[in-house]
Amino acid sequence: MSKTAEQTPTEEMEHPVSPYLRMDRIPHIWCPTCGIGTVVRCYADALEHTGVDLDKLVIVSGIGCTGRVAGYMKLDAFHTTHGRAIPFATGLKLGRSELLVTVFSGDGDLVGIGGNHFIHAARRNIDMLVILVNNFIYGMTGGQNAPTTPTTARTSTMPFGNFERPFNLPHLAESCGATYVARWTSLHVRRLTKSFREAIDRKGFRFVEVISPCATLYARLNKLGTGFNLMRFYHDNAVIDHNADTRDLDINFQDKIICGKFVDKERPTYSEMMHEHYRKTLGDKFVPTPEEGGMIRDTEEKPVSKGKKPAKSRKSKASVSKSGKK
Amino acid sequence: MKTDPSGVLTGQHYLDGDHACGEGAMAAGCRFVAGYPITPSTEVVERISRRFPMMGGTFIQMEDEMASMAAIIGASWTGTKSMTVTSGPGFSLMMENIGLAAMMETPCVVVNVQRGGPSTGLPTMVGQSDMMQARWGSHGDYEIIALSPQSPQEAFDLMIDAFNLSEMYRVPVMFMTDECVGHMTEKVVIPKAEDIEIVPRKLTEKPPDKFWPYVTDKSMIPEFARAGDGYRFHTTGLTHNERGYPVMSAECQQECVTRLVDKIRHNAEDIIRFEEEDIDGADVVLVTYGITARVARRGIDIARRKGIKVGVIRLIVVWPFPERHIRELAPKIKAFVVPEINYGQIVLEVERCAAGQTRAVLVPHMGGSVHNPADIADAILEAAK
């Protein structure tokens, strides 16, 4: 296939988290002063400090600016359809329970088109970390109104100001059953990294919302200045309150943003509930899906009668086609 | 390889088509099913949810069909054979991620127990009107494989083929059964596990640093790496290159889409399956599939008693379509007759393949019941004139 995407690796100066990134895909597509890159950096730092087995870590994104994150992480990475990252990740986790699953996507993707999946995965307590970068707007498509757009903020589809009420995401996540809920801004790099580290080590449906500047659309449409001005705004208006009641975490236009870790509790995951229930009801008859997955392996190595083209011939030629064109 | 015996209920059974379909999936090695309840398909997952805990399978009832389809793609990337089950309205919702499965080249099986449509249509009654949707329902160019069983026994047997084909060609396979087969109870013989051949996932043997997920050879089927085996691959629904990296260019689109389509088109002769009967010297050839193939028997008998030489082509694999066969047969006969429980879908394909060399006569029926065999007989008699 085409090789036009390949970049010359810039290896003169190694970035501290480059082992976690697909450096052959850098530069990324995000705008100057966008906060997503910062969130990715914090996540990569957290991975380094938690020492998780990266071979077992999968990252799943949907569509949108943050939906591109999976494409830059050097992990088993899935860039899926709009809104469906969470159910896709559910299949990965239930198919092979030893996997550690991170869903990394945006507000429009996860709680707009994917809102139903979000609440059900939280309700079931599917074991996954969901990182939601909230820039208050649909960035990739040009600044349309989001389910997170603060009331009165202008967007390209609410040119006279948004009259809808946005989601309070920590409250939504907590009320649906999330075991870990935190909110930070992309200015809070140390606290955000610490939250990622904690959340990676926990079990169940873990949710971290990161408020992040979109200078190109949100700030421009609302005459809020540059990305730097937004970071300044976070600096002046973010209030850390770990004990806040999640019901009080609405974000109003250009008003204070309450940050912190609001929920950190244990609750049996979907798989734990299923296993415990089946053990109780079915006893010895219950056979759980193996941790390494439900793949049926060929134990006796016989030729496959159905396969007209044996796998062997395929393998020997594959390396040829890789070096040249097909 | 031989299948895992834990999923095989060897013996003679009295099963409806939905239960037989579920048994076929389990016998084929399916160990992950995500679904959402919808009549008339629900019995398939009811059967599976009762049996899966005893064979290491996982069933999850998702919040909707979009989620079900997404979940089976995710599970398939762990190497687990995966399936979802639905009917018309749910099939529509699955189209989004059927496209993703085609684009990511994810083996999986989608069962559609067809009912009358459009929209909510006839939830409890038969239809065959999703045949074109099975082929073209998701946006963009892609090819899939579709099978259509005519009996509970075939619902079992063809399920194994469906899983095998999905593994061989790395495509979503559409299992296009219908309410009538689904709810018809007949004898189903389930063979011993050692007599069931299944195609295992073909995992790459390359080391991770030598592996790109969409490198192919002449077979056009890339090797597979499972999530969690250390390959750290990337895959996307975007147009992508051999590395699985997005490339937004006409050149990459040309290569990516051409291969997705050609891996089926170029192997079509190997995939196509149909039964034929009394073709030599036939005046009229019936092209039929699914439950209608059985209803047509009566119509054929009536026409034959009136002296018409009637041949039959019963499609088992509907997509890809036996284009060459229809084209070669067309000049030798007076007409093709195509009864189907819709207002003309497969007949369009027959007509296209006949390419003006002979007529293709539709025997339409909008659904809610099978055809009246007399209508099929009348169409044959008329076509033979």
Side-chain angles (χ1 to χ4, degrees), chain A residues 1-5 22 25 54-56 58 60 70-71 74-81 84 87-92 94-96 98-99 116-117 120 278 282 285-290 292-298 300 302 304-309 311 314-315 317-322 326, chain B residues 1 4 29 31-32 34 53-58 60 62-64 66-67 70-75 77-80 96-97 100 164 168 197 199-202 205 212 214-219 223 226-228 230-238 241-242 245-247 249 251-252 255-256 270:
Chain A
M1 272 194 208
S2 170
K3 298 212 162 193
T4 49
R22 295 183 188 277
R25 292 207 60 215
L54 297 178
D55 285 350
K56 299 291 176 219
V58 297
V60 187
K74 204 168 177 182
L75 302 165
D76 284 337
F78 296 92
H79 181 221
T80 67
T81 41
R84 317 301 169 217
F88 193 105
T90 300
L92 280 163
L94 298 183
R96 187 170 186 175
E98 63 180 345
L99 295 178
N116 197 31
H117 312 308
H120 283 280
Y278 282 151
L282 300 173
K285 283 190 277 181
F286 173 52
V287 181
T289 303
E292 67 276 13
M295 191 176 77
I296 293 170
R297 285 172 184 280
D298 193 355
E300 26 181 334
K302 278 183 188 167
V304 177
S305 70
K306 275 257 155 200
K308 296 230 159 73
K309 289 153 194 86
R314 243 174 242 170
K315 268 168 201 130
K317 284 172 198 162
S319 54
V320 179
S321 70
K322 180 181 156 181
K326 82 177 164 72
Chain B
M1 67 180 262
D4 170 16
R31 292 294 179 270
F32 183 85
M54 274 77 89
M55 66 183 80
T58 299
I60 180 169
M62 295 298 284
E63 53 272 17
D64 56 40
M66 295 171 285
I72 69 161
I73 303 172
W77 278 94
T78 70
T80 310
E96 169 195 60
N97 286 313
L100 182 68
N164 287 347
M168 287 165 69
E197 279 291 336
V199 177
R201 186 67 51 91
K202 288 180 200 79
E205 286 167 11
W212 287 359
Y214 294 104
V215 171
T216 59
D217 60 8
K218 271 193 302 189
S219 77
E223 293 176 4
R226 301 197 302 163
Y231 282 86
R232 303 199 197 169
F233 58 84
H234 178 256
T235 179
T236 173
L238 285 169
N241 63 11
E242 291 175 318
Y245 288 179
V247 180
S249 75
E251 293 77 21
C252 190
E255 293 206 37
C256 181
D270 291 340

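Chain letters run A, B, ... following the sequence lines, proteins first, then strands; residues in each count from 1.
- When heavy atoms are compared at a cutoff of 4.5 Å, A:Leu282 approaches chain B solely by way of its side chain, counted from C-beta outward.
- The main-chain N or O of B:Gly79 is never found under 3.5 Å from a side-chain atom of A:Arg96 such that the two would form a donor-acceptor pair.
- Heavy-atom distances place both the backbone and the side chain of B:Ile73 under 4.5 Å from chain A.
- The minimum heavy-atom distance linking A:Pro290 with B:Gly56 is given by the pair CD-O, 4.3 Å.
- Listed options B:Ala71, B:Ala67, B:Gly230, B:Pro53 were ranked by heavy-atom pairs under 4.5 angstrom with chain A; first place goes to B:Pro53.
- A distance of 9.5 Å separates CG in A:Leu94 from OG1 in B:Thr78, rounded to the nearest 0.5 Å.
- Seen from the ring of B:Tyr245, A:Arg22 does not count as a face-on cation partner, given the 6.0 Å and 45° thresholds.
- For the atom pair OG1 of A:Thr81 and CG of B:Leu100, the computed distance is 5.0 Å after rounding to the nearest 0.5 Å.
- Only the backbone of B:Met55 has a heavy atom closer than 4.5 Å to any heavy atom of chain A.
- Proximity to chain B involves both the backbone and the side chain of A:Phe78, based on heavy atoms less than 4.5 angstrom apart.
- Closest approach of A:His117 to B:Glu63, counting heavy atoms only: ND1-OE2, 2.8 Å.
- In terms of heavy-atom pairs under 4.5 angstrom with chain B, the leader among A:Arg84, A:Glu292, A:Lys74, A:His120 is A:Arg84.
- The aromatic rings of B:His234 and A:His79 lie parallel to each other, with less than 30° between the two planes, well short of the 60° mark.
- Judged by distance alone, with hydrogens and angles left aside, the side-chain atoms of A:Asp55 form no donor-acceptor pair with the main-chain N or O of B:Gly228 at under 3.5 Å.
- Only the side chain of A:Leu99 comes within contact range of chain B, with at least one heavy atom under 4.5 Å from a heavy atom of that chain.
- Contacts of B:Ala34 with chain A are absent, with no heavy-atom separation under 4.5 Å from either backbone or side chain.
- Heavy-atom minimum distance, A:Asp76 versus B:Phe233: OD1-N, 3.1 Å.
- Between B:Pro200 and A:Ile296, the shortest heavy-atom distance links the atoms CB-O, 4.4 Å.
- Residues B:Met62 and A:Thr90 form a side-chain contact, since some pair of their non-hydrogen atoms from C-beta on lies under 4.5 Å apart.
- Of all heavy-atom pairs spanning B:Asp64 and A:Asn116, the tightest one is OD2-ND2, 3.3 Å.
- Scanning both residues, B:Ala227 and A:Leu92, for their nearest heavy atoms gives CB-CD2, 3.9 Å.
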